[in-house]
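The shown structure was predicted, so the numbers you read here are calculated from the model rather than taken from an experiment. Note that the numbering runs from 1 along the sequence shown for the chain.
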Amino acid sequence: MGNFMMLCHLVYQLKKYQKDKKPVFLFVPRIEMTRQVQKFLKFFSIKSHCATSMIKSHEIDVIVCTTVLERGMTVENVQVIILHGEHPLFDKETLIQIAGRTGRKVPYTNGDIIIYTNRQTKAIKECIKDLQQSNALSAIKS
């Protein structure tokens, strides 16, 4: 989808999560985009912060971050959105790590992973395929 539609749907999705009190990690490809996106979200009354742990106490709705948070931070019931998933920074391994932020705490073992992109890259296709295969294997083992 084009940039305008991407941003419209992003706001729609974030408002939905905000209403349901579901925190969100919103990944962007470049550091300078974090502040730009944060200002944009503020216009729509979406509380956000750039790469901080304040999300754990539900003081904010969205953390706008770079891949610095792809590892190590676990937040209950978090949803993941990747903006500009076509960026070369988002290779298959990085996308899988980012997707792994969801579903990490009981009872919230599921979560949304949304990738907004101008085009579906090979990395996105491979990530989806790998996650589907992993989830299918997990279902068989359970």
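In terms of heavy atoms, Tyr17 sits closest to Ile114 at OH-CD1, 3.6 Å. Scanning all heavy atoms of the two residues, the minimum distance from Thr74 to Arg101 falls at OG1-NH1, 4.1 Å. Contact record, Ala99 with Leu131: CB-CD1, 3.8 Å, taken as the closest heavy-atom pair. Residues Glu32 and Arg30 approach most closely at OE2-NE, 2.8 Å, considering heavy atoms. Here the closest non-hydrogen pair linking Val75 and Pro23 is CG1-CG, 4.0 Å.
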Exercise for review: Test side-chain contact (heavy atoms from CB on, under 4.5 Å) on Val24 and Val80 and set out the steps.
Suggested key: CA-CA 6 Å; Val24 175; Val80 168; over 6 Å; no
Check your understanding: Should Lys125 and Lys129 be marked as a side-chain contact (heavy atoms from CB on, under 4.5 Å) after you check the CA-CA gap, both sets of side-chain angles, and the distance that decides it?
Key -> CA-CA 6 Å; Lys125 291 175 189 174; Lys129 181 180 173 187; over 6 Å; no
Practice item. Please report the C-alpha distance between His84 and Tyr116 in whole Å, then the side-chain angles of each, then the deciding distance to 0.1 Å, and finally whether the ring pair (Phe, Tyr, Trp, His ring centres under 6.0 Å) criterion is met. Key: CA-CA 6 Å; His84 290 289; Tyr116 291 107; 9.5 Å; no
Review point. Taking it one step at a time, do Glu93 and Ile96 satisfy side-chain contact (heavy atoms from CB on, under 4.5 Å)?
Key: CA-CA 5 Å; Glu93 291 76 18; Ile96 289 171; 5.8 Å; no
Review point. What's the verdict on side-chain contact (heavy atoms from CB on, under 4.5 Å) for Leu14 and Val62, showing C-alpha distance, side-chain angles and the deciding distance?
Key: CA-CA 8 Å; Leu14 291 176; Val62 177; 3.9 Å; yes
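Between Val11 and Phe40, some side-chain heavy-atom pair lies under the 4.5 Å cut-off. Residues Leu95 and Ile113 form no side-chain contact, since every pair of their non-hydrogen atoms from C-beta on lies 4.5 Å or further apart. For the pair Gln120 and Ile128, the minimum side-chain heavy-atom distance is below 4.5 Å.
When the side chains of ILVMFWY residues are joined at heavy-atom separations under 4.5 Å, either directly or via intervening members, Phe4 and Ile46 end up in a single hydrophobic cluster. In the hydrophobic cluster analysis, where Ile, Leu, Val, Met, Phe, Trp and Tyr join through side-chain heavy atoms closer than 4.5 angstrom, Ile31 is grouped apart from Leu83. Put simply, Leu89 and Val37 are part of two different groups of oily side chains (I, L, V, M, F, W, Y) that touch within less than 4.5 Å, one to the next. Linking ILVMFWY residues whenever their side-chain heavy atoms come closer than 4.5 Å, directly or via other members, places Met6 and Met33 in the same cluster. Linking Ile, Leu, Val, Met, Phe, Trp and Tyr whenever their side-chain heavy atoms come within less than 4.5 Å leaves Tyr12 and Phe43 in two separate clusters.
Defined by atom type and a distance below 3.5 Å, a donor-acceptor pair is present between the side-chain atoms of Lys15 and Gln18. Looking only at atom types and distance, the side chain of Glu86 has a donor-acceptor partner in the side chain of Thr117 under 3.5 Å away.
In this structure, the separation between CD1 on Ile60 and CD on Gln38 is 8.5 Å, given to the nearest 0.5 Å. Rounding to the nearest 0.5 angstrom, the gap separating the CZ atom in Arg35 from the SG atom in Cys50 is 4.0 Å. With rounding to the nearest 0.5 angstrom, the CD atom of Gln97 is 12.0 Å from the NZ atom of Lys92. Separating the CD1 atom in Ile98 from the CD1 atom in Ile115 is a distance of 8.5 Å, to the nearest 0.5 Å. Once rounded to the nearest 0.5 Å, the distance linking CD1 of Ile63 with CZ of Phe25 reads 5.0 Å. Note: Asp91 CG to Thr67 OG1 = 9.5 Å, rounded to the nearest 0.5 Å.
Judged by distance alone, with hydrogens and angles left aside, the side-chain atoms of Glu76 form no donor-acceptor pair with the main-chain N or O of Lys105 at under 3.5 Å. Judged by distance alone, the side chain of Gln79 and the main-chain N or O of Asp112 form a donor-acceptor pair under 3.5 Å.
More than 12 heavy atoms of other residues, nucleotides or ligands sit less than 6.0 Å from atom CG of Asp20.
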